[in-house]
Amino acid sequence: MATAAHSGKTSEIGAMARLIEAVIDLWERDGASGTSARAISRLAQTPVSGIYHHFGSLEQLFLSAHEQAQRESECWCAARLAELEGVAPLSRDAFGPLLAALIDQWCEEQRRLAFAWRECQLIAAREDRYGPVAQRWTTMWRNFWEEVCARCGHPARGAFTAYLFDGEATLHLMRWRRPVDRAALDDMCAGWNDWLCGRPVRAGHWRQFAREQADLALPEQTISSGTMEQIAEAAADVLAQEGMAALTHRAVAARAGLTLGVVSYNFRSSAELVRAAFEMIYRKAVESGGGTVPEAVTLTDEQLLARYSNPPPRNDRILPAIDELMLAAARDGDLRDFAPQLRYRRGRTSGGLLRAILGRDVAPLEAALFSGVISGHRKTCFGLTPAEAARAGAQAMLDLRTMVRSAADAAQSESA
């Protein structure tokens, strides 16, 4: 009897593990829109009823999968720190190559965990109950980067490095030209190390090349009429507010105030509708010149904090949609045309803000660094109240201003 009971328990544990692994695999392959009970059951080779028998609900299975992904990620972090054990305090110039290597290793070798993290962030942006789960990811990465930075001569810079890691790891999941992507990542991480050292950011030659190629490879626009633009605008709204799973012809028709037939006539397939939504999001994200500040203006602390703590209302919709777009471009070969634009043509709006912070022109690499930090910090605020998020944003911007101004001062001293 004891043997039979033990065998039954082992079988139950095995079924639960298969279901959890299936969810994590589906997050990597298809995202939340493809993680249905039927798809999980098929991949785990377990009846759909087993989900409810073992976990009580699909929601609880998802939470268990997030917990498992976090445990595996903690093991990855511990293993990387163990590999650095015994390393004597290094020159701070050793940090840039290490940062690039760790980002690349995470995105290439732990891709399924990287997507699980991103799926957690996406749902936490929409559902407050996932805030604590997202905050556990934030705490894990902050602790990891605090330790890495301390070993490389950058104590107390772990939080900001975690923000940059968040932004760059999202972008590095999108594959374009592998050698160029890896070299451009080295440029970014060398530039970040320059900022941490309080010195001018060196030119990023590979990143500049990638940016020029991205400009030449802009995807052709498919939105050619006012009706198509109306539909694409509605599709972008649905994607931003409800996620990829909700992006259907019927939902878009309801949002646009049009008939289902009109939407289906203009965009016959789901893939065409998705691409139209992404085109609209991309247009708003990278072709908008908003947010720039006249060259002669330097923001006061009060203006800077007000601007950061209270972003324009349009950001409430566009930022989650951009996150959805980046993950879809990382997964779907049909959307790969968007990858170089999303990765290398960013930083226009944040570049204007950085110019106001420093009171001088900024290089594209500096604007990209600043954009990555802002993006990463925004995601750490999921689950916080608006007041808490505003306070966190204000403090982060004050600290970042101090850091980048020291680099600006060094640049001026060098040119004097």
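Worth saying up front: this structure is predicted, and the values here are computed from it rather than measured. Side chains are part of it too, since the values below use all heavy atoms of this structure and drop only hydrogens, waters and symmetry mates.
Taking the six-membered ring for Trp and thresholds of 30 and 60 degrees, Tyr163 and His377 have ring planes more than 60 degrees apart, a perpendicular arrangement. Ring geometry, Trp76 versus Trp141: the interplanar angle exceeds 60°, so the pair is classed perpendicular (tilted spans 30 to 60°). A perpendicular orientation is assigned to the rings of His154 and Phe95, their planes being inclined by more than 60° (bins at 30° and 60°).
At a threshold of 4.5 Å between non-hydrogen side-chain atoms, the residues Arg343 and His172 count as touching. The shortest side-chain heavy-atom distance between Phe55 and Ile20 falls under the 4.5 Å cut-off. Residues Leu58 and Ile40 meet the side-chain proximity criterion, which asks for heavy atoms closer than 4.5 Å. The side-chain heavy atoms of Arg92 and Cys152, taken from C-beta on, include no pair separated by under 4.5 Å.
Closest approach of Ala277 to Ala236, counting heavy atoms only: CB-N, 4.0 Å. Shown here for Ala235 and Leu247, the closest heavy-atom pair between the two residues is O-CD1, 3.4 Å. Closest heavy-atom contact between Ala100 and Arg182: CB-NH1, 3.6 Å.
Under the salt bridge (charged side-chain N to carboxylate O under 4.0 Å, His left out) criterion, Arg129 pairs with Glu59, Glu127, sequence neighbours left out. Take Trp192 and apply the side-chain hydrogen bond (donor to acceptor under 3.5 Å, both in side chains) test, not counting sequence neighbours, and it matches Thr161.
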Set out, in order, the CA-CA distance, both residues' side-chain angles and the distance that settles side chain to side chain donor-acceptor pair (under 3.5 Å) for Gln70 and Glu74, then state yes or no. CA-CA 6 Å; Gln70 288 174 341; Glu74 288 170 353; over 6 Å; no
Residue pair Glu279, Arg275: steps toward the salt bridge (Lys or Arg N to Asp or Glu O under 4.0 Å) verdict: CA-CA 6 Å; Glu279 185 176 316; Arg275 190 173 185 88; 5.5 Å; no
Take Arg207 and Asp181 through the test salt bridge (Lys or Arg N to Asp or Glu O under 4.0 Å) and record every step on the way to the result. CA-CA 8 Å; Arg207 193 180 163 77; Asp181 290 339; over 6 Å; no
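Applying the side chain to side chain donor-acceptor pair (under 3.5 Å) test to residues at least two apart or on different chains, none of the pairs has a partner in residues 257-268. Judged as a salt bridge (Lys or Arg N to Asp or Glu O under 4.0 Å), the pairs with a partner in residues 245-256 (not counting sequence neighbours) are, in order, Glu242-Arg255. Legend: side chain to side chain donor-acceptor pair (under 3.5 Å) pairs involving residues 109-122, not counting sequence neighbours, sorted by first then second residue: Glu21-Arg112, Asp25-Arg112, Glu72-Arg112, Gln105-Glu109, Arg118-Gln121, Arg118-Asp166, Arg118-Thr170, Glu119-Arg331, Gln121-Asp166.
Shown here is Arg178, whose CZ atom has more than 12 heavy atoms of other residues, nucleotides or ligands within 6.0 Å.
Salt bridge present: Glu108 and Arg175 bring a charged side-chain N and a carboxylate O closer than 4.0 Å. Under the 4.0 Å criterion applied to side-chain N and carboxylate O atoms, Arg151 and Glu147 are assigned as salt-bridge partners.
Under a 3.5 Å cut-off, the side chain of Ser41 and the backbone N or O of Thr46 do form a donor-acceptor pair. Checking side-chain atoms of Arg18 against main-chain N and O of Ala44 turns up a donor-acceptor pair under 3.5 Å. Using modelled atom types, one side-chain atom of Gln135 and one backbone atom of Thr380 make a donor-acceptor pair closer than 3.5 Å.
In summary, the aromatic rings of His249 and Phe267 are positioned with their centroids too far apart to meet the 6.0 Å limit.
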Please tabulate, for the side chains in residues 60-67, all donor-acceptor contacts under 3.5 angstrom to protein atoms that are two or more places apart in sequence or on a different chain.
{"residue": "Ser64", "atom": "OG", "partner": "Gln60", "partner atom": "O", "Å": "3.0"}

